[in-house]
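Notes for the one structure printed next.
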Amino acid sequence: MTFTMDFLGAAGGVTGSRTLVKFDGYSVLVDCGLFQGPKEIRQKNWEQMLPPATNVNAVVLTHAHLDHSGYLPRFFRQGWRGPIYCSEGTAALLPVMLRDAAYLEAEFAHYANKTGYSNHKPALPLFTEDDVEMVLQHIVPQKRSVWIQLAPDVSVRFESAGHIIGASSLQFALVHKNGSRILTFSGDLGHDRSLTMRPPEPITETDALVLESTYGDRLHPRNHVVREFSAIAKRTFERKGVLVIPAFAVGRAQEILYIIRKSEDDGLIPKVPVILDSPMSSFATKVFFDHPEDHHEGCPFSVKDGQDCYLPAGFQTVTTSDESMLACMTEGPMVVISAAGMLNGGRILHHLKARLPHPENTILFCGFQAEGTKGRTLQERPNGLDKLRIHHKEISIEAEIATMESLSAHGDWQDICGWVKRMTKPPSQVIINHGDPLAMEAMAQHVKELLPKATVTPMLAPGRMTLF
Ligand SMILES: [Zn+2]
């Protein structure tokens, strides 16, 4: 008896996580993510994910980020119905993330029809709010670390992956005629240096492992994050500048707010207005407080009354677009946190248009910038790039551009290897996914050194793997 896995996305790239696992007579889609980034990659969202007759009994999600969950409404639009298993934290985040995605789809189609900026006439959204509501009716939240039976011979459990609230490593237990087998998906893994998130839960045993490799070829500096952040913030405030932080609404924004608060409490920076311009971030911050099971032990907000120790003194949220525009015109010193984290849309673009042309300001990156995104372009500024194209206008780049890699929600290759090393029964088969090709190859090499007896395969392109 063999089991197969079809890697439909996050193979040779970091987005579009979708893996169809076929056990004997039972199929599970692990993650159902959107392809994100440049147009030629996003175009894949319009392709049929699976041949129409493919049987999929259930979807199991590692976490709520859209590159892992955002294709669900499209999948439902194509007629699929079935249970979506995920952790309680993921179930709490999905409504706001998917509704926001549907809103952006509608906006994009409207804009494309108004300006003629589309090959499709008329331009249509990938999915609608109705599709999202249908998805939400099928979510089945699960407690951590409990085996849930999906079929007579297939069970799954969710262990904390430490990446964002709800993020999980998945373990599938399969009853096999020659004994049982365990298949583990690492999911996006965090690390043990986060001030807010619990480190990834160690997995003791697995027979096969699907391992992420976002930072398979890089090490994060082990800097003291509060000191590093406050040095960048302080020099910006001394210039009376605005510190603009593009942040993933879910995860990074919550960590940054706490770092600002810590910097204030330690007397490292003055108390200035801190504007969170992302309605989704504000909601995610509420969910964050509601799920102490995923918080770092000992952080003050892991108890109910600890929220007062968490937010910066000058914290303000912005909801309407008028308030957002006003924030673009307000003079520094101040901090603006806004999404999208990789600059692929959202309100952050208005803040960049206002702040990039002035040398007193700083744009601070603190999350992974995928290849081909505006974020990566601004971060690396190839060939001394001095202008960035935003909303069809060339904006000159005069502001300071800074990066804090130590703030990433992903572990680096040493963190990932450290997590694998703690297994008492390590896998004999490892498949590397969720990375750019160079990161995948490097991660495969690191795992080979760590587990010389294991078969290690980087999934550089979509394809099928056979297990056991
Ligand atoms: Zn993620």
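In listed order, ligands and their atoms are each counted from 1. Note that the numbering runs from 1 along the sequence shown for the chain. In this text, all values refer to a predicted model and were calculated from it rather than measured experimentally. Values below: all heavy atoms of this structure, side chains included; hydrogens, waters and symmetry mates excluded.
- When only modelled atom types and interatomic distance are considered, Ser194 and His296 share no side-chain donor-acceptor pair under 3.5 Å.
- Excluding water, every protein N/O/S atom under 2.8 Å from the Zn ion (ligand 1) is given here by residue and atom: His63 NE2, His65 ND1, His163 NE2, Asp188 OD2.
- Scanning for side chain to side chain contact (heavy atoms under 4.5 Å, CB included) contacts around Pro125 gives Glu105, Ala109, Thr128, with sequence neighbours left out.
- Among the candidates Asp415, Asn223, Val225, the single residue satisfying the side-chain contact (heavy atoms from CB on, under 4.5 Å) test with Arg193 is Asp415.
- Residues satisfying the side chain to side chain contact (heavy atoms under 4.5 Å, CB included) test with Ser321, not counting sequence neighbours, are Arg347.
- Ring centroid separation for the pair His191 and His163 does not come in under the 6.0 Å cut-off.
- Not counting sequence neighbours, the partners of Glu400 by the salt bridge (charged side-chain N to carboxylate O under 4.0 Å, His left out) test are Arg235, Arg239.
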